[in-house]
Amino acid sequence: MNFIETCRQLIGLDSTPSRGTREVGEFIASLCRDAGLEVELDHESLGGIEQVNLVARPKNSAGKNE
């Protein structure tokens, strides 16, 4: 992974309020998975615009029912 190129890709994603956070959340989730983390994406819709909350944790760690 090239850090600078990855940063450019992230900066290029539109996460303005009118576009939502889905694309950024999915991009970061992919990076986290590549790094060996477990990822949970919680999809929501706010005013018809898709939003995503992301939780990443080490594999085999306690889940959100802790």
Side-chain angles (χ1 to χ4, degrees):
M1 168 174 52
N2 180 316
F3 179 74
I4 299 297
E5 182 57 33
T6 301
C7 289
R8 286 183 178 137
Q9 290 175 344
L10 180 59
I11 290 167
L13 298 175
D14 186 356
S15 63
T16 58
S18 64
R19 293 281 304 201
T21 59
R22 182 190 54 80
E23 193 174 8
V24 170
E26 290 175 354
F27 181 79
I28 297 298
S30 175
L31 293 176
C32 290
R33 287 185 189 107
D34 289 347
L37 299 172
E38 289 186 15
V39 175
E40 294 176 34
L41 290 172
D42 292 323
H43 294 268
E44 297 289 332
S45 180
L46 182 60
I49 299 170
E50 201 169 350
Q51 307 294 333
V52 172
N53 289 316
L54 179 140
V55 176
R57 58 178 58 90
K59 289 193 184 246
N60 302 320
S61 67
K64 60 182 168 183
N65 292 329
E66 189 174 43

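It should be emphasised that the depicted structure is a prediction, and the values quoted were computed from it without experimental measurement. Side chains included, hydrogens not; waters and symmetry mates left out as well; all remaining heavy atoms used.
- Contact annotation: the side chain of Glu40 approaches that of Arg57 to within less than 4.5 Å [non-hydrogen atoms, C-beta and beyond].
- Not a single side-chain hydrogen bond (donor to acceptor under 3.5 Å, both in side chains) links Asn2 to another residue, sequence neighbours left out.
- Across Ala29 and Val39, no two heavy atoms sit closer than the pair CB-CG1, 3.6 Å.
- The nearest pair of heavy atoms linking Leu37 to Ala56 is CD1-CB, 4.1 Å.
- For the atom pair Leu41 CG and Arg22 CZ, the distance stands at 11.0 Å (nearest 0.5 Å).
- Considering all non-hydrogen atoms of both residues, Asn60 and Glu38 come closest at N-OE2, 3.1 Å.
- The shortest side-chain heavy-atom distance between Val52 and Val24 does not fall under the 4.5 Å cut-off.
- Taking 4.5 Å as the limit, some side-chain heavy atom of Thr6 sits within range of a side-chain heavy atom of Phe27.
- With rounding to the nearest 0.5 angstrom, the CD1 atom of Ile28 is 11.5 Å from the CZ atom of Arg33.
- Under the 3.5 Å distance criterion, the side-chain polar atoms of Thr21 are left unmatched by any main-chain donor or acceptor of Ser15.
- Glu26 CD to His43 NE2: the interatomic distance, rounded to the nearest 0.5 Å, is 5.5 Å.
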